[in-house]
S.K.: 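Encoded as structure tokens, here's the structure I'll be asking about.
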Amino acid sequence: MTTRALPVLEMARPAHRESTAAPVAAPELAEFATDDLAMPRFHVWTLGCQMNHSDSEEMAGALLAAGCAEAPDVESADLIVINSCAIREAAEQKVIGRMGHLANLRRANPALRVVLTGCSVRTDNAPGLKKRYPEVDLFLRPDEEPELTARLGLSGPTAPGRMTATVRRDSAMAAWLPIIYGCDKTCTYCIVPFSRGPERSRPFDDVLDEARSLASAGYQEVTLLGQNVNSYGHDLPAEARFGHIRRARDLGRNIELDGRPDIAELLMAIRDIPRIRFVTSHPWDLSERLIRAMAESPSVCEHLHLPVQAGDDAVLRRMGRQYTVEQYLELVDRLREAVPGITLTTDVIVGFCGETEAQFERTLELLRQVRFETVFAAAFSVRPGTPAARLDDDVPKHEKKRRLQALLDLQEGIGLDANLRWVGRTTEVLVDQQRPASSHGDGGPRLAGRNRNNKLVHFDGPAELIGRLVNVRVDHAGPYALSGTLNG
Ligand code: SAM
Ligand code: SF4
């Protein structure tokens with residue numbers, strides 16, 4: 001057994017088990033084996049948004065292709081890849097709080113190596129990373145993730161990698177499909193443009209090819225992903241085949257977009273997938289073409305996540321969101337007119353710099369007016385290096401907490417009212433989970449999945465239904481989920 005000297009990690013032979021290098025079936029072929037190395041068993045720990053989950057699936061695919069095996073948890077891994085979230089300080093603390101545990105694991109397994117990637121790794125904070133994350137051996141910015149296996153010495157001409165990497169997807173029925181990386185917006189509170197860089201759209205045909213292969217693999221649902229999917233295509237070259245696309249930004253400054261593909265064109269071109277979703281949409285770029293595509297494509301689900309962040313114009317201006325409450329409400333009207341029954345969900349930040357009680361009340365008023373079905377709310381958390389870090393974070397912590405609770409209390413009632421309207425209706429559910437057997441009914445397995453409006457629906461039924469689209473009659477509604485009976 002030789003020990004591979006890795007350029008960065010100098011990964012030693014795992015102390016606690018035998019090599020995971022693929023065995024050579026016939027002894028006479030031994031001399032052709034690429035290498036006799038202990039390949040690390042990896043575990044990817046993912047925090048944060050859907051983009052991180054999608055990136056983690058790509059990294060896991062690359063590590064599997066390099067010949068590594070996947071470990072079920074960090075405790076049994078030789079290589080831990082932490083895909084971090086920096087959107088709020090609490091998310092970063094989750095990782096920092098695990099450093100002691102990682103140190104213990106390393107004592108038990110000196111071969112353990114730890115990679116940190118995701119939004120906590122940026123150029124601007126590089127000098128302080130080792131101090132903040134002492135147990136990390138290799139730091140990779142999100143845009144460096146494709147280099148993971150190469151930086152570990154696990155791919156390349158002399159490496160033991162055996163296969164072409166394919167994404168290792170968590171689900172066999174619903175897939176993430178990244179269409180645009182990075183973010184060009186300048187929301188003053190947000191770290192994402194600093195960690196993920198400027199927008200880069202994937203070529204139109206690449207996205208369609210991947211959608212086609214997902215369709216032929218039997219995927220029922222595809223979610224197009226990006227920090228702002230609505231600006232997809234603006235950085236791609238103009239082409240004659242997109243000559244019919246003439247669009248201007250509907251809000252804010254006007255930039256040249258004619259002749260370039262957009263998300264509406266993608267939504268209309270993706271075929272043979274029963275359900276298409278897309279996330280996240282910035283209201284500034286929600287074009288009339290996109291609203292029309294949502295209305296016309298039978299696959300696009302009747303749900304839109306449209307982050308509003310605040311219900312007061314002065315706060316929105318300080319946040320750099322580029323729209324007013326009135327413009328946002330106009331969009332809501334247009335969406336509800338074009339897609340009857342559409343479910344709207346949103347993100348809100350409470351206690352942003354300078355937010356007065358009256359301004360916060362206007363956010364509550366907006367929630368009462370729009371009646372979003374789900375609101376993802378959080379207290380403002382200062383992110384060093386962002387423009388808002390130069391503003392006065394003057395809403396005290398206890399006040400942010402109170403506002404957050406007041407908002408959640410209000411939203412619970414609104415969410416329950418919206419869900420009660422489903423009782424008695426039959427709805428199509430993509431079954432994706434099995435829960436412990438229910439204490440009532442016939443004791444069959446409890447299944448769950450989402451309907452097209454993204455409502456979570458629980459019901460009893462056989463496990464063979466997982467991965468299928470079924471009809472469920474809704475019998476009960478709570479503020480966060482529905483439950484019902486499988487329709488024979
Ligand atoms: N690109 C999306 C958008 O435009 O809304 C989502 C970005 S971010 C990953 C998800 C949510 O985190 C944001 O919508 C915002 O509500 C919240 N968020 C971002 N920065 C924050 C901060 N500094 N403090 C609290 N919440 C924050
Ligand atoms: Fe952050 Fe704004 Fe970009 Fe969303 S659109 S990732 S909130 S900067």
Side-chain angles (χ1 to χ4, degrees), residues 46-55 83-93 118-120 122 142 176 178-200 223-232 234 249 251-252 263 277-286 304-311 315-323 328 331 344-355 360 363 366-367 372 374-393 395 397 400-401 403-404 407-408 411:
T46 309
L47 297 100
C49 67
Q50 296 96 331
M51 190 54 106
N52 266 14
H53 284 269
S54 169
D55 291 344
N83 197 354
S84 64
C85 171
I87 208 80
R88 285 178 282 273
E89 176 60 19
E92 297 211 275
Q93 283 303 334
C119 288
S120 295
R122 304 182 297 279
W176 307 116
I179 62 168
I180 182 166
Y181 301 100
C183 182
D184 282 355
K185 294 285 178 288
T186 50
C187 304
T188 54
Y189 50 78
C190 188
I191 197 72
V192 171
F194 300 88
S195 57
R196 295 195 172 260
E199 288 174 355
R200 286 101 59 207
T223 302
L224 308 186
L225 270 190
Q227 292 302 335
N228 177 22
V229 285
N230 294 0
S231 66
Y232 173 79
H234 72 89
R249 281 199 197 273
L251 300 166
I263 184 171
R277 304 182 188 278
F278 53 97
V279 72
T280 303
S281 284
H282 192 295
W284 184 10
D285 302 306
L286 187 74
L304 185 68
H305 186 65
L306 193 63
V308 67
Q309 311 298 0
V315 176
L316 286 173
R317 214 174 312 120
R318 277 203 298 283
M319 287 179 164
R321 288 292 287 181
Q322 313 280 355
Y323 52 82
Y328 187 92
L331 278 180
L344 296 177
T345 57
T346 201
D347 291 347
V348 169
I349 298 176
V350 302
F352 186 63
C353 310
E355 184 190 71
F360 169 65
T363 296
L366 179 84
L367 263 46
F372 296 104
T374 307
V375 177
F376 299 90
F380 170 61
S381 161
V382 184
R383 307 292 48 231
T386 59
R390 295 195 295 271
L391 301 175
D392 192 9
D393 179 25
V395 180
K397 209 169 172 184
K400 286 179 182 168
K401 220 169 143 189
R403 291 182 192 177
L404 185 59
L407 185 150
L408 295 175
Q411 184 53 36

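Excluded from the calculations below are hydrogen atoms, water molecules and symmetry mates; all remaining heavy atoms, backbone and side chain alike, are included. Please read all numbers here as calculations on a predicted model, not as lab measurements. Atoms within each ligand, like the ligands themselves, are counted from 1 in listed order.
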S.K.: Looking only at non-hydrogen atoms, which of Met51, Arg321, Lys185 approaches atom 4 (O) of ligand 1 most closely?
M.R.: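 Looking at heavy atoms only, the winner is Arg321.
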
S.K.: Of the protein's non-hydrogen atoms, which lies at the shortest distance from atom 20 (N) of ligand 1, and what is that distance?
M.R.: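 So the nearest neighbour among protein heavy atoms is Tyr189 CD1, 3.2 Å.
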
S.K.: Minimum heavy-atom separation for Leu316 and Ala310, please, with both atom names.
M.R.: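 What the structure gives for the nearest pair is CD2-O, 3.7 Å.
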
S.K.: Please classify the Ala379 to ligand 1 contact at 4.0 Å (heavy-atom distances, strictly less than): side chain, backbone, both or neither.
M.R.: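 The answer is the backbone.
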
S.K.: Counting only heavy atoms, which portion of Met51 has something under 4.0 Å from ligand 2: side chain, backbone, both, or neither?
M.R.: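 Neither; nothing of Met51 gets under 4.0 Å from ligand 2.
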
S.K.: Hey, which atoms in ligand 1 end up nearer than 4.0 Å to a heavy atom of Pro307?
M.R.: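 Going through ligand 1 atom by atom, the ones under 4.0 Å from Pro307 are 3 (C), 5 (O).
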
S.K.: Are the charged groups of Arg196 and Asp55 less than 4.0 angstrom apart, N to O?
M.R.: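 Between Asp55 and Arg196 there is a salt bridge, with a charged N closer than 4.0 Å to a carboxylate O.
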
S.K.: Does the ring-ring contact (aromatic ring centres under 6.0 Å, His included) test come out yes or no for His305 and Phe376, once each step is laid out?
M.R.: CA-CA 10 Å; His305 186 65; Phe376 299 90; 5.6 Å; yes

S.K.: In the protein, which heavy atom is nearest to atom 16 (O) of ligand 1, and how far is it?
M.R.: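 In this structure, atom 16 (O) of ligand 1 has Gln309 OE1, 2.7 Å as its nearest protein heavy atom.
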
S.K.: Among all protein heavy atoms, pick the one closest to atom 19 (C) of ligand 1 and tell me residue, atom and distance.
M.R.: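 Closest protein heavy atom to atom 19 (C) of ligand 1: Ile87 CG1, 3.3 Å.
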
S.K.: Kindly compute the distance separating OH (Tyr323) from CG (Leu331), expressed to the nearest 0.5 Å.
M.R.: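 CG of Leu331 is found 9.5 Å from OH of Tyr323.
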
S.K.: Examine distances only and state if a side-chain atom of Lys400 and a backbone atom of Val350 form a donor-acceptor pair shorter than 3.5 Å.
M.R.: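 Such a contact is absent between Lys400 side chain and Val350 backbone.
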
S.K.: Closer than 4.0 angstrom: is that true for some heavy atom of Arg196 and an atom of ligand 2?
M.R.: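 Judged by the 4.0 Å heavy-atom criterion, Arg196 does not count as contacting ligand 2.
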
S.K.: Considering only non-hydrogen protein atoms, determine which one is nearest to atom 10 (C) of ligand 1 and report residue, atom name and distance to 0.1 Å.
M.R.: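 Sorting protein heavy atoms by distance from atom 10 (C) of ligand 1 puts Asp347 OD2, 3.8 Å first.
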
S.K.: Which is it for Ile349 and ligand 1 at heavy atoms under 4.0 Å: side chain, backbone, both or neither?
M.R.: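 Looking at Ile349 and ligand 1, just side chain atoms fall under 4.0 Å.
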
S.K.: What's the separation between atom CE in Met51 and atom SG in Cys119, rounded to the nearest 0.5 Å?
M.R.: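 Result: 9.5 Å between the selected atoms.
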
S.K.: With a cut-off of 2.8 Å, which protein N/O/S atoms are close to atom 3 (Fe) of ligand 2, if we only count those under it?
M.R.: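 Listed by chain and number, the atoms are Cys183 SG.
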
S.K.: What is the closest protein heavy atom to atom 24 (N) of ligand 1, and at what distance does it sit?
M.R.: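 Of every protein heavy atom, Ser381 N, 3.1 Å lies nearest to atom 24 (N) of ligand 1.
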
S.K.: Can you pull out the closest protein heavy atom to atom 1 (N) of ligand 1? Residue, atom name and distance to 0.1 Å, please.
M.R.: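 The answer is Gln227 O, 2.7 Å.
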
S.K.: Can we say Arg383 and Glu89 salt-bridge, meaning some charged N sits less than 4.0 Å from an Asp/Glu carboxylate O?
M.R.: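 Yes, charged N to carboxylate O under 4.0 Å.
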
S.K.: Just need the protein heavy atom nearest to atom 3 (C) of ligand 1, so name the residue and atom and give the distance.
M.R.: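 Heavy-atom neighbour on the protein nearest atom 3 (C) of ligand 1: Thr280 CG2, 3.8 Å.
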
S.K.: Which ligand 2 atoms, with their elements, are less than 4.0 angstrom from a heavy-atom of Arg321?
M.R.: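 That gives atoms 2 (Fe), 7 (S) of ligand 2.
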
S.K.: Any donor-acceptor pair under 3.5 Å linking the side-chain atoms of Ser84 with those of Glu92?
M.R.: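 No, Ser84 and Glu92 have no side-chain donor paired with an acceptor closer than 3.5 Å.
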
S.K.: Among all the protein's non-hydrogen atoms, which is closest to atom 7 (S) of ligand 2, and how far away is it?
M.R.: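 Closest protein heavy atom to atom 7 (S) of ligand 2: Tyr189 OH, 3.4 Å.
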
S.K.: To check your reading of the model: name the closest protein heavy atom to atom 17 (C) of ligand 1, its residue, and the distance in Å.
M.R.: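 The closest one turns out to be Arg88 NH1, 3.7 Å.
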
S.K.: Could you state the interatomic distance from OG1 (Thr280) to CG (Asp347), rounded to the nearest 0.5 Å?
M.R.: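 CG of Asp347 is found 7.0 Å from OG1 of Thr280.
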
